[in-house]
Amino acid sequence: MLRRARIALGAALAALLTLGVSAEPSGRVQFIGAFTWSLPDPDFGGFSGLELSADGTGFTAISDRAHILRGTFTRSNGRISRVASGPLHALEGREGRPLPQHHGDSEGLAIAADGRTYISFEGDTRVWEYRKARPVPLPRPPAFQQMRNNSGLEALAVDARGWLYTLPERSGELTTGFPVYRFRNGRWDQPFSIPRFGGFLVVGADFGPDGRLYILERSFTGLSFLSRVRRFDVTRSSISHGEILLQSRNGQFDNLEGLSVWRDTDGRIRLTMISDDNFKFFQRTEFVEYAVTE
């Protein structure tokens, strides 16, 4: 309990130190807009994973209560002005039945170029590939089995080669980097880690059309959220130190957890994020978009 209190205090202090930081610290991004979204469905909310089509018009989202839905965006002057979607569908387990709550904490989403859909789960830490409705479990290495509850695989991304990458929400210590696990040729390895600093935790990831790895991170101050996006160059055996592309102001957005990276018609990299409202009436589901201006 004392250790957790110290970690929470450290995160809160780090967050306080960043209150004066601009929402665009690198000068390399431009805020496009935010759109609040809702549906009259009791299962609506809790969105933690997001994937957009290559042109940014279609999307797939998953909630942390094992539901998935697909939809489309309408944009006016480049900004989201309308969201249309199909119904929420419950993710099925291997027996063909909806996943029970204790087994359905779905957090990360990645869709490969060939349409294969991968989902990571945080509670019973694992990654499943969904082919049509039924899942095919990927191997579960010892490192996954040792992850603490509510600290498992939050982020999931797939590169152009079809290699899968995942990161846990927590690294164990404030000074310990987040381990990056990679799945290729039927096996997991852990080729590198990304540095951890500033009290932020990993919540989302995606490979952009530029081949770089984008990581979405969140910090909770006790009252509201800060969000940060970092970008990394990745090789077969190494990852760069990374750069901060954006860091929001305290409370500027809700609890952003899902990230998708694509290229718009102006040739710019777009960052589209979705918030997890935790199924709380005082939070909101919103899409937030930035453009990288390099």
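Residue numbers run from 1 in the order of the sequence given.
Under a 4.5 Å side-chain heavy-atom cut-off, the cluster of Ile, Leu, Val, Met, Phe, Trp and Tyr residues that includes Leu69 is completed by Phe35, Trp37, Leu39, Phe44, Phe47, Leu50, Leu52, Phe59, Phe73, Ile80, Val83, Leu88, Trp262, Ile274, Phe287.
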**Request:** Just do the side chain to side chain contact (heavy atoms under 4.5 Å, CB included) check on Leu259 and Tyr214 with the steps written out, would you?
**Result:** CA-CA 8 Å; Leu259 168 69; Tyr214 292 74; 3.9 Å; yes

**Asked** Would Arg97 and Glu92 satisfy salt bridge (Lys or Arg N to Asp or Glu O under 4.0 Å), going step by step from the backbone distance to the final call?
**Response** CA-CA 5 Å; Arg97 296 189 296 270; Glu92 293 185 359; over 6 Å; no

**Asked** Which is it for Arg65 and Asp43 under the side chain to side chain contact (heavy atoms under 4.5 Å, CB included) test, yes or no, and what are the steps along the way?
**Response** CA-CA 8 Å; Arg65 291 187 181 175; Asp43 291 318; over 6 Å; no

**Request:** Let me see the working for Val288 and Leu256 under side chain to side chain contact (heavy atoms under 4.5 Å, CB included), right down to the final yes or no.
**Result:** CA-CA 8 Å; Val288 173; Leu256 298 179; 3.9 Å; yes

**Request:** I would like to know whether Leu245 and Tyr290 meet side chain to side chain contact (heavy atoms under 4.5 Å, CB included); could you show each step before the answer?
**Result:** CA-CA 10 Å; Leu245 284 181; Tyr290 278 83; over 6 Å; no

**Item:** Working for side chain to side chain donor-acceptor pair (under 3.5 Å), residues Asn255 and Glu257
**Value:** CA-CA 6 Å; Asn255 177 30; Glu257 285 206 5; 3.3 Å; yes

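By the rule that hydrophobic residues join a cluster once side-chain heavy atoms approach within less than 4.5 Å of another member, Leu164 and Phe144 end up as members of one cluster. Transitive grouping of hydrophobic side chains (ILVMFWY, heavy atoms separated by less than 4.5 Å) keeps Phe232 and Tyr181 in distinct clusters. If you chain together hydrophobic residues whose side chains sit under 4.5 Å apart, Val136 and Leu138 never meet in one group. Hydrophobic clustering, with ILVMFWY side chains joined whenever heavy atoms are under 4.5 angstrom apart, keeps Tyr130 apart from Phe183.
To the nearest 0.5 Å, atoms CG (Asp206) and CE (Met273) are separated by 11.5 Å. Taking CG of Asp105 as the reference point, atom CZ of Arg126 lies at 9.0 Å (rounded to 0.5 Å). Distance check: Ile269 CD1 to Arg231 CZ gives 8.0 Å after rounding to the nearest 0.5 Å. Going from atom CG of Leu216 over to atom CG of Leu246 covers 8.5 Å, rounded to the nearest 0.5 Å. For the atom pair Ile215 CD1 and Ile239 CD1, the distance stands at 6.5 Å (nearest 0.5 Å). Atom CG of Asp254 is separated from atom CZ of Phe282 by 9.0 Å, given to the nearest 0.5 angstrom.
Across all non-hydrogen atoms, the minimal contact from Ser219 to Gly199 is OG-O, 3.5 Å. Closest approach of Phe121 to Gly104, counting heavy atoms only: CD2-C, 4.1 Å. Considering all non-hydrogen atoms of both residues, Gly152 and Thr125 come closest at CA-OG1, 4.2 Å. Taking each heavy atom of Ala205 and Leu213 in turn, the nearest pair found is CB-CD1, 4.4 Å. Closest non-hydrogen pair, Arg134 versus Gly96, comes out as NE-CA, 3.2 Å. Closest non-hydrogen pair, Arg182 versus Thr235, comes out as NH1-O, 4.3 Å.
Between Arg140 and Asp124 there is a salt bridge, since at least one side-chain N of the basic residue sits less than 4.0 Å from a carboxylate O of the acidic one. For Glu243 and Arg230, the salt-bridge test fails: no basic side-chain N is under 4.0 Å from an acidic carboxylate O. Ion pairing between Asp210 and Arg263 fails under the 4.0 Å rule for side-chain N and carboxylate O. In this structure, Arg218 pairs ionically with Glu169, as a charged nitrogen and a carboxylate oxygen lie closer than 4.0 Å. Residues Asp277 and Arg284 are not paired through a salt bridge, judged by the lack of any N-O separation under 4.0 Å between the basic side chain and the carboxylate.
By the 4.5 Å heavy-atom criterion applied to side chains, Phe192 and Val234 are counted as neighbours. When side chains are defined from C-beta on, Pro135 counts as touching Arg94, because their heavy atoms get closer than 4.5 Å.
Without hydrogens or angle criteria, Asp266 side chain to Arg268 main chain gives no donor-acceptor distance under 3.5 Å. Ser120 places a side-chain N or O within donor-acceptor distance of the main-chain N or O of Gly108, the cut-off being under 3.5 Å. A donor-acceptor contact shorter than 3.5 Å links the side chain of Asp159 to the backbone of Arg161. Panel note: side chain Thr285, backbone Gly45; no donor-acceptor pair is recorded below 3.5 Å. For Thr166 (side chain) and Ala155 (main-chain N/O), a donor-acceptor pair under 3.5 Å exists by modelled atom type. Within the 3.5 Å criterion, the main-chain N or O of Val180 finds no donor-acceptor partner in the side chain of Ser193. Counting only distance, with no hydrogens or angles, the side chain of Ser275 and the backbone of Glu286 share a donor-acceptor pair below 3.5 Å. Checked by atom type and distance alone, the side chain of Ser260 never pairs as donor or acceptor with a backbone atom of Glu51 at under 3.5 Å. Between the Ser248 side chain and the Gln252 main chain, no donor and acceptor come within less than 3.5 Å of each other.
By the neighbour-count criterion of 12 heavy atoms within 6.0 Å, atom CG of Asp55 is densely surrounded, having more than that number from other residues, nucleotides or ligands. Counted within 6.0 Å of CZ on Arg79, heavy atoms from surrounding residues, nucleotides or ligands total 12 or fewer; the atom is thus considered open.
Side-chain contact annotation: Arg116 with Tyr118, donor-acceptor N/O pair under 3.5 Å present.
Looking at Val158, Thr60, Ile119 one by one, the single match for side-chain contact (heavy atoms from CB on, under 4.5 Å) with Ile111 turns out to be Thr60. Between Glu107 and the choices Val203, Asp64, Leu153, Leu156, the side-chain contact (heavy atoms from CB on, under 4.5 Å) rule is met once, by Asp64. In summary, of the residues considered (Thr272, Leu271, Val292), a side-chain contact (heavy atoms from CB on, under 4.5 Å) with Val261 occurs for Leu271 alone. Tyr165 pairs with exactly one of Trp188, Phe207, Phe178 by the ring pair (Phe, Tyr, Trp, His ring centres under 6.0 Å) rule, that one being Phe207.
Considering only residues two or more places apart in sequence or on other chains, His89 meets the ring-ring contact (aromatic ring centres under 6.0 Å, His included) condition with none of them.
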